[in-house]
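Notes to accompany the following structure.
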Amino acid sequence: MTVTQRAKCARIRTGASLMVLVLLGCGGQALAQDAAGQTDESTEVVVTGYRKSVESAVNTKRRASNIVDVIKADDMASFPDANLAESIQRIPGVSITRDGGEGRSITVRGLGSDFTRTTLNGVEAYSATTGSTLGVMAGINRTRGFDFSTFASELFNSVTVNKSQAADMDEGSLGATIDLQTGRPFDKPGFRMAASAQAAYYDNNKTTSPRVAGLISNTWDTSAGQVGALLSVAYSERLMQEDGYSDTSASDYSDANNGFCGVAVDDPNQAGSQVVNTAIPYVNPLSGTGTRPAGQCFSGLPSNAAAYAKINQPNVFLPRNPGLGRFELDQKRLGVTSAFQWRPNDNTRFTLDAVYSKFDQNRQDYALSNASNNRNVNGASTAFPLFAGRVDSQIMDVNVTSSGQVDYMKLNHVDIKHIAEYAETTTTTYMLGLHGEHTFSDKLRGDFRIALSGSEFDQPLDVFISYDAFNKDGYVWDARADARRPFINYGYDVANVANVTFTNAGTGLTPDVRIVHANVKNTLSSVEGNLHYDLLDGLTFHTGFLKKTYEFTSRQTQRVYGNNTSPAAKTDGKLPFDFTKFAADFPNLGSLSTVLTGWGEGLDLPAGSVSAWVVPNVQAFISKLDLNCNCVNSYGDWTLGENAVRGGNALANNRAVTEDDTALYGMVSFEEDLAHGMRLRGNAGLRYVKTEVTATGYAGTTLATVTHSYDDYLPALNLALEVTPTFTTRFAFAGVMSRPFVGSLTPGGTVNTTFGVQSVNIGNPFLDPYRAKNYDLSFEWYPTRSTLLSATLFYKDIASMIQSITSIEPYSNTGLPLSLLSSGQDASTPYTVTRTRNTEGGYIKGVELSLVQPFTFLPAPFNDFGTQINYTWIDSSVLYYLSAGTATTAPTTTRDQFVNVSPNSVNATLYYEKGPFEARVSVAYRDEYITALPFKNELLDANGSYATTNVDMSASYKLSSKLSINLDALNLTNQMGDQWSGKERRAQRVFSNTGRQIFLGVSYTF
């Protein structure tokens, strides 16, 4: 090497990866110096800001015995992202699901939030919320999964994703354990204070909202020892709007809802009618065998013969519930963390952590939906033909693709619903934990933790009201040009209130007013203790116990008299709805209605598309009819109960699960110098867990309680071999388990005893957990303190899964009481039974590649840049049951990838930091993935999501050592919600726009 080359290599060596040094021609001498960790003190750079947080995360990963990935804040209350989920997705193997424009749940190495434990300061956490009606997370979250949108990112100092399990770690995860760590006063002793304020702009609805945060911390030396206290508060508001097209019910074949009106022929048995109203054979065995019911085309109007012939074929699918939707959220999020620490002496320390979050959401949903395609005869008759649905509609023109998907149709005699729903919800999340540590001697140490955590979702108000437009002709749905943006012509002026009815066109049936109150609670109380004894230098024995009780309760009440109820008087003489009083006070619907405008502005819709329609003004209805009184008033019966007369049954959502878990473990950790300068460290142990389950739920109208228990022995091994000072290879193995979804454990469910369609949908309290064996092998290169180049191979051998399977069984197999049966039925009556069951598992295997590299080896100005890049490839397979089979037939099964698994994902961040200015741009890409399989019993097909690419950015400038201005922007490319139905058919389930979010503000530190 020449003198010039040596000088060049000396200049670039600090901060350059080994690979870069080789590429630049720096030979063995420079490489040897770098590998030995030698640093010229005169050239050492003081690292600050985002670069500092990256360096800290790299070093935490390097020192860990387990396989972990970490995100660090560069200072207190300065987490590097505006949204916690958006930050976590930068970790290799992690993908997030956005809902309503905000990251809410995560998937780690192909396993979703129900398989991933989330902890707050080491204590397991839960959160129950509700999601966008246009998203895959719609409805109330009644699962174990954690919702990351309930907390502000400013409250956290670090996020650690543990991808391998150790015997001393709490069980319950097949995917990963994610620990969210808040600040503590001893982290940075002395007085510290920070404050920030931002204005958030949402371009979908052109609104601005505030976002503020503050932290104060101090430590003191007292006669009783060192003490410290910390308090942080974050508050934000958010006004979000999402517009989209959706067909969220599974697309269906022609006769699933008993087809359309038939064709015109002469039928002597039907005077005055040209439509064959005799029984018609089913054309698809998945819908039924034999013939469809006769006499359901009450209009007597024929379909077009050519169109009917095309649609009346097996395996032809058409939109079942196509419509337009708007979803609005008015959110207020308050988060508070506090920590008190006391170190009475050098051997003892106590920490009291408290975390609290209150997440208020006022939600409004609007829809314009073709109701007919989603209905069968629906209780209609010749005397009462309204609400008959598809069986009373005519198909006049249609186009069917080669895959069997209808992409164009013209219909007559359809019913359209104009829908509005308003809900108020609050999610409260909390954690209180006392952690104590004490050193008894040079060899013996111990610690304990007592904790209480939980989450409560409360929905004190949810009112759904719809108007009906009956028997409209000329409805056109055309997706031939663009499946994502179908052209829809409703055949009438949808913005004119005169074209809709609220009191069901004089039928005398109560109008469609649905009122629901709901509450979901998750609580966890735990006590744990651990002892650590040094057997030898570098060899420590660990043992401990964990006792915890998890309680889940779900409660729901709804309007006893639901939509379209008979007007028969109650025993007290009151009517469900007083038509006379309503008509006198509201002779037209104008004062109770509003017109939704500006719909679809960001969707690039076809010319002539609907952009406005009339909807009920729910707030006006609530105010003028006193709908939320839970009473009978002059307008009708608005009382709530668990069992409704019509329009649904709330009993299925009244259930509870209690789990008492006891765990004991023994583990050794070790660190040993080996030959040739290598060093081995790690841990090995065994964890025993006993789970006792008590599940309560309604079987029909009977409350049932069932107990069940199971044991697990979970071995774990983690090895980290430092081959050189800069190269580490790791191996990990663990037996893991994840407890069943709480919704699957209810002993009850819903029962339909109507002859001909008798069915039961029940849970299974005797489910065993998901169980798997995890294997990991990683290779990590740390050429410098801030650089990482790694490759990780992982394999999850999943021995058991849990699925909902449908089969035909005698009623006696359900375990439900015979008293629920209708006249003429007995224990041997065949029922269509859908229940959750343990099934055969599958595997998940993959590779994670990661590079963390500051560009300090490059000439100015490029030396102020740096990057974080990771790529994950996943291959997965699981056995799906399409049906359970019978005593004489084998079950129908298929193998496919796991739900929510993207085969390829890439996360990349390019950052710049020089003097007072820093900026970064992050890109997150994930392949398309399936969201449900099968989406209907017996049907070998899936729903899924298209690939997504999200681009976010952040920038800040220090006006002084204490004052900074900052800018954050999410979803710069305006990534759409984009979901499909059918792998080959590619019908559009959802295409929605949430828009960009921009945050501008200042921060100040003391």
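Model, not experiment: these values are computed from the prediction.
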Looking at E722 and R681, is any side-chain nitrogen of the basic one under 4.0 Å from a carboxylate oxygen of the acidic one? yes
Does the side chain of N683 pick up a donor-acceptor pair with the side chain of S65 at under 3.5 Å? no
W781 side chain reached by T728 side chain, heavy atoms, under 4.5 Å: no
Tell me whether the rings of H542 and H532 are parallel (<30°), tilted (30 to 60°) or perpendicular (>60°). perpendicular
Using modelled atom types and a 3.5 Å cut-off, is there a donor and acceptor pairing between side-chain atoms of N718 and backbone atoms of A732? no
Looking only at the side chains, is there a donor atom on one of R117 and S173 sitting less than 3.5 Å from an acceptor on the other? no
When Y871 is tested against each of L851, V847, N904 for side chain to side chain contact (heavy atoms under 4.5 Å, CB included), which residue passes? N904
Relative to the ring of F733, is the ring of Y775 parallel (under 30°), tilted (30 to 60°) or perpendicular (over 60°)? tilted
Between N121 and Q181, a side-chain donor and acceptor under 3.5 Å: yes
Show, in sequence, the C-alpha distance, side-chain angles and deciding distance for E55 and R785, and conclude whether the salt bridge (charged side-chain N to carboxylate O under 4.0 Å, His left out) test is met. CA-CA 7 Å; E55 180 180 292; R785 203 168 48 181; 3.5 Å; yes
Does R895 count as lying over the ring of Y880, i.e. NZ or CZ under 6.0 Å from the six-ring centre, within 45 degrees of the axis? no
Does the side chain of N66 pick up a donor-acceptor pair with the side chain of N162 at under 3.5 Å? no
Have N530 and Y665 got a donor and an acceptor in their side chains that come within less than 3.5 Å? yes
Exam field: side chain E913 to backbone Y50, donor-acceptor pair closer than 3.5 Å: yes
Assess the side chains of D952 and S922: does a donor N or O sit below 3.5 Å from an acceptor N or O? no
Do T973 and Q975 have side-chain atoms, one donor and one acceptor, less than 3.5 Å apart? no
Please work out whether the ring planes of F115 and Y770 are parallel, tilted or perpendicular, with thresholds of 30° and 60°. perpendicular
